[in-house]
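Atoms considered below: every heavy atom in the structure, side chains included; atoms not considered: hydrogens, waters and symmetry mates. Computed from a predicted model, the values in this text were never measured in an experiment. Chain letters run A, B, ... following the sequence lines, proteins first, then strands; residues in each count from 1.
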Amino acid sequence: DQQVKQNSPSLSVQEGRISILNCDYTNSMFDYFLWYKKYPAEGPTFLISISSIKDKNEDGRFTVFLNKSAKHLSLHIVPSQPGDSAVYFCAANALSSGSQGNLIFGKGTKLSVKP
Amino acid sequence: EPEVTQTPSHQVTQMGQEVILRCVPISNHLYFYWYRQILGQKVEFLVSFYNNEISEKSEIFDDQFSVERPDGSNFTLKIRSTKLEDSAMYFCASSENRETNEKLFFGSGTQLSVL
C-alpha cells in the first residue's frame with residue numbers, strides 16, 4: 001500500500017545543473033506535502049512544504065510544484081551543489097482530517113551531485 | 001540550533017527482551033512522535049503524543065509498544081517483547097504545535113537490532 005511513491009531510487013546530476021525529484025500520491029485526502037532531506041547517520045530534516053491550495057512554493061534554490069489533478073509533486077533544486085547529495089523523502093499529510101503528525105513518506109530518492 | 005536527542009544510537013537485544021528507546025525532544029515543543037525505518041523501506045509513522053496521551057497511532061503500534069513521558073524532558077518508546085521484525089531505525093521527532101506539524105524535528109535515530 002504505497003500511498004506516496006518515489007519511483008526513482010537514485011538520481012545523479014552535475015553540479016550547477018537542475019535536480020528534479022518526483023513524487024506521486026494516491027490518497028485524495030492528502031492536503032499537505034513536504035520534502036525532507038536525510039544525510040547518513042542523521043534524522044530527516046525538513047526542507048520545504050506546500051499546501052494543496054497552492055501549486056508552487058519557492059525557498060531559495062528549492063521549489064516544489066504540485067499538480068493536484070495528476071496527484072504529482074516535484075522538487076526542483078537549482079543550481080545543484082555537491083552538499084545537496086542526500087536522500088530526499090517526499091511526505092504527505094491529511095491535515096484537514098485531523099491527522100496528528102502522521103506523515104506518510106515515500107521510499108526516498110538518493111541524489112548525487114557530482115562536482 | 002535546538003535538536004532532538006536520542007539514546008542510545010545503537011541497541012542490540014535478544015528476541016523476546018524488552019527495550020526502551022529514549023528521546024529528549026526540543027524543550028518548548030508540545031507534540032512528540034515516533035517513526036521507524038526498516039532497512040531499505042520507507043519511514044513509517046508509529047505514534048503521536050500530546051498532553052500526556054496518545055493522539056494517533058498506526059497499525060504497527062500494537063500492544064507490544066508503549067510510549068511515556070516520565071518527566072518533563074524525556075519521551076520513551078518501550079517494546080515489551082521484541083521480535084526480529086522490530087529491527088529498524090527508530091526516529092523520535094517533536095513539533096511546536098499541530099498547525100506547524102510540518103516542522104517536525106527529527107533526532108538522529110536509534111538503530112535497533114533484534115537477534
Side-chain angles (χ1 to χ4, degrees), chain A residues 1-10 23-27 30-52 54 57 59 62 64 66 73 86-110, chain B residues 1-6 9-10 21 23-26 29-51 53-61 67 75 89-111:
Chain A
D1 175 23
Q2 286 192 67
Q3 296 187 66
V4 177
K5 301 178 188 178
Q6 293 177 257
N7 291 319
S8 298
S10 63
C23 178
D24 298 292
Y25 62 97
T26 57
N27 190 338
F30 290 148
D31 53 10
Y32 210 94
F33 305 90
L34 311 92
W35 285 94
Y36 278 81
K37 179 170 74 172
K38 185 181 180 303
Y39 293 117
E42 293 184 13
T45 302
F46 171 76
L47 196 57
I48 193 169
S49 62
I50 187 167
S51 164
S52 59
K54 296 185 176 181
N57 187 26
D59 183 2
F62 302 92
V64 55
L66 175 63
L73 62 154
V87 178
Y88 288 78
F89 291 99
C90 173
N93 198 356
L95 279 181
S96 58
S97 69
S99 172
Q100 293 281 351
N102 182 353
L103 298 180
I104 308 298
F105 282 84
K107 286 190 175 183
T109 297
K110 184 176 182 180
Chain B
E1 186 173 327
E3 59 180 24
V4 175
T5 306
Q6 289 187 245
S9 57
H10 196 173
L21 309 183
C23 168
V24 179
I26 294 173
H29 284 188
L30 301 177
Y31 291 82
F32 313 112
Y33 314 88
W34 284 100
Y35 283 76
R36 78 174 186 188
Q37 184 180 25
I38 295 172
L39 185 64
Q41 299 188 23
K42 59 183 179 178
V43 177
E44 300 174 292
F45 169 80
L46 293 179
V47 66
S48 60
F49 190 86
Y50 170 72
N51 200 25
E53 60 182 28
I54 291 174
S55 305
E56 188 175 353
K57 60 182 181 179
S58 70
E59 293 177 353
I60 303 168
F61 195 88
V67 289
F75 179 52
M89 178 71 86
Y90 287 80
F91 293 106
C92 173
S94 68
S95 65
E96 192 172 354
N97 58 61
R98 179 180 173 273
E99 283 68 34
T100 60
N101 70 8
E102 73 275 12
K103 298 285 188 187
L104 261 63
F105 290 80
F106 285 84
S108 296
T110 293
Q111 180 65 54

Residue pair A:A41 / B:S108: nearest heavy atoms and the distance that separates them: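 Closest heavy-atom pair between A:A41 and B:S108: O-CB, 3.8 Å.
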What's the separation between atom [atom1] in [X] and atom [atom2] in [Y], rounded to the nearest 0.5 Å?
X: A:Q3; Y: B:K42; atom1: CD; atom2: NZ; result: 7.0 Å
X: A:L103; Y: B:S48; atom1: CG; atom2: OG; result: 10.0 Å
X: B:L46; Y: A:N102; atom1: CG; atom2: CG; result: 10.0 Å

Side chain / backbone / both / neither for B:Q6 at chain A, heavy atoms under 4.5 Å: neither
Option that, when pairs with chain B are counted at under 4.5 Å, heavy atom only, ranks first among A:P9, A:G108, A:A91, A:G43: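 Option with the top pair count is A:G43.
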Partner set under side chain to side chain contact (heavy atoms under 4.5 Å, CB included) for B:Q111, not counting sequence neighbours: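 For B:Q111 the side chain to side chain contact (heavy atoms under 4.5 Å, CB included) partners, ignoring immediate neighbours, are B:H10, B:M89, B:S113.
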All ring-ring contact (aromatic ring centres under 6.0 Å, His included) counterparts of B:F106, not counting sequence neighbours: A:Y36, B:Y35
